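Just so you know, these numbers use all the heavy atoms, side chains as well, and skip hydrogens, waters and symmetry mates. Since we're looking at a predicted model, the values are computed, not measured. The sequence lines fix the lettering, A, B, ..., with proteins before strands; numbering per chain opens at 1.
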There are 2 protein chains.
Amino acid sequence: MSHTLGIRQAQKQKTRRALLDAALGLLEEQSLSSLGLREVTRAVGVAPTAFYRHFRSTADLGVALVEEALGSLHPMIRTTVTAADSSDERITRAVELIARHVHAYPAHVRFIARERHGGVQPVREAIRGQLARFAEEVKAELAKDAEAEGWSDDDLLMLSHLYVDQMLVTASLFLEAQEAAAGGEVSAEERERVTRLATRQMRLISIGRHHWLDH
Amino acid sequence: MSHTLGIRQAQKQKTRRALLDAALGLLEEQSLSSLGLREVTRAVGVAPTAFYRHFRSTADLGVALVEEALGSLHPMIRTTVTAADSSDERITRAVELIARHVHAYPAHVRFIARERHGGVQPVREAIRGQLARFAEEVKAELAKDAEAEGWSDDDLLMLSHLYVDQMLVTASLFLEAQEAAAGGEVSAEERERVTRLATRQMRLISIGRHHWLDH
DNA sequence: AATCATGGAGAACAGTTGTTAACTGGATGA
DNA sequence: TCATCCAGTTAACAACTGTTCTCCATGATT
């Protein structure tokens, strides 16, 4: 934040960005374990060997993409779970926020959904780590709620993971909906359908939460 | 089922099996979009060109694997959701059955989890199709239950999808648990942890289902 | 017994891959 | 101003890829 980057490091970060963006683009139609380093550099218009100045391997680049795709999401999670009055309003807000995020960063979402169980171990672990952080944060937020009285820590974490997984399911559902309608305004009603589905599923979970303690 | 295969077709199916098995093995450490046809034939000990006698491409082989991994699962689903008295017993049974299945066919489960959002479109669609069938079957089974009175078709399908997704989440959780403990009996307590987690999540959903109609 | 059908082998193709090495030119810091 | 640094280039490497075409051995068919 203090002193401007030298023109040197600025250029470096610029091609690093180009590499990340090109990779993310290429990963829309294949998975990381088949992404070639030459493929990426070719897309950027740079020599293959330049790749090594930034990443050790494509797996390394993948880990960087995970941080970028999920790392910036933490504040959003927190505010989402927090700011709302009624439970129903909170759910509506959350689903809408997911829809908006998928629409804004579809490539990031696809990448995460694809590589969460993908063929590259370090990337899988990076994603798992970030999702665990999410679950911990959601749990902390849930614990503040009055409804959390009488809940064990274990049960709160159980519920958090349920929420996080449901979040991902919903996100990739929105993704499918909007890529199925790549050439038309069919997207609107598909989006609506997914919104209704996800909202009701969240609501059902929410109801289960309300009645968790009475047997 | 009637007349025995000629010795000719028998041999063909034998190498076809070998190709499928070899591919499934190789796919434990990579994803389908990076699986080479030569790689598979090499593992089987057969000429590269022999591959074309059985599959058009590795994507084609992938679709065949989907049918094999999920196609044989339908009767199991049906009996699971059906046969049980109390709701709790049904849940315990279901989770146990998932654990057993993951333990018996880990490579199949990993393949499905990996390729559900993987980089090969035909395979993704094959999986989506099979999961949609599952959801329909679960819905049909739920509709028979007395608890389904007053439920709309839409809501029943919503709940079915929730169950199916939760099934998959649980399966890949069991998978991680048993591959994290590749060299030891740590697996036992990890398995137990996942079992407890999955059971409580299912129970919470079940509770939500009970109270769905009273607002 | 003679013909046909077919699963698999073999060789060759143009293209691709990751990685190494030595080099260049412009920004950096003394 | 001059020596140093370093992001990016060029060239070359052995190894690998999917695909085509020709051929063979043998089971199936008549």
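In this entry the distance linking CG of A:Leu35 with P of C:dT17 reads 10 Å, nearest Å. If you measure from atom CZ of A:Phe51 to atom P of C:dT17, you get 13 Å, rounded to the nearest angstrom. A straight line from CZ of A:Phe55 to C1' of C:dT19 spans 18 Å, rounded to a whole angstrom. Protein atom NZ of A:Lys12 is 7 Å distant from nucleotide atom C1' of D:dA7, rounded to whole Å. The nearest whole Å value for the distance from the CG atom in A:Leu37 to the P atom in C:dG18 is 5 Å. Rounding to whole angstrom units, CD of residue A:Gln11 and C1' of C:dA27 are separated by 11 Å. Atom P of nucleotide D:dG8 and atom CD of A:Gln9 are separated by 12 Å, given to the nearest angstrom. The distance between atom CD1 of A:Ile7 and atom P of C:dG29, rounded to the nearest whole Å, is 12 Å.
Salt-bridge annotation for A:Glu96 and A:Arg100: present, with a side-chain N of the basic residue lying under 4.0 Å from a carboxylate O of the acidic one. A salt bridge is defined here as a Lys NZ or Arg NE, NH1 or NH2 lying under 4.0 Å from an Asp or Glu carboxylate O, and B:Asp145 with B:Arg90 meets this definition.
Considering only the side chain of A:His54, D:dG8 comes nearest among C:dA9, D:dG8, C:dA27. Candidate nucleotides C:dT17, D:dT9, D:dA28 were compared by shortest atom distance to the side chain of A:Glu39, and C:dT17 ranks first. When distances run from any side-chain atom of B:Ala50 to the nucleotides C:dA27, D:dG27, C:dA9, the shortest one goes to C:dA9.
When each of A:Glu29, A:Glu179, A:Glu176 is tested with A:Arg110 by the rule side chain to side chain donor-acceptor pair (under 3.5 Å), just one qualifies, namely A:Glu179.
The stretch residues 13-29 of chain A touches DNA chain D through A:Thr15, each having a heavy atom under 4.0 angstrom from the strand.
Under the 30°/60° scheme for interplanar angles, the aromatic rings of B:Phe55 and B:Phe51 are found to be tilted. Ring planes of B:Tyr105 and B:His108: parallel class, angle under 30° (limits at 30 and 60°).
When each of A:Tyr52 and B:Arg53 is assigned the nucleotide of DNA chain C bearing its nearest heavy atom, the one mapping closer to the 5' terminus is B:Arg53.
Between A:Ala23 and A:Leu61, the shortest heavy-atom contact is CB-CD2, 3.6 Å. Pairing each heavy atom of B:Glu68 with each of B:Ser72, the nearest pair is O-OG, 3.6 Å.
Of the N and O atoms on the side chains of B:Gln30 and B:Glu39, at least one donor lies less than 3.5 Å from an acceptor on the other residue.
Remark: side-chain polar atoms of A:Asp155 are not paired, donor with acceptor, to backbone N or O of A:Trp151 under 3.5 angstrom.
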So which protein nitrogen or oxygen atoms get under 3.5 Å of nucleotides 11-16 of chain D's nitrogens or oxygens?
none

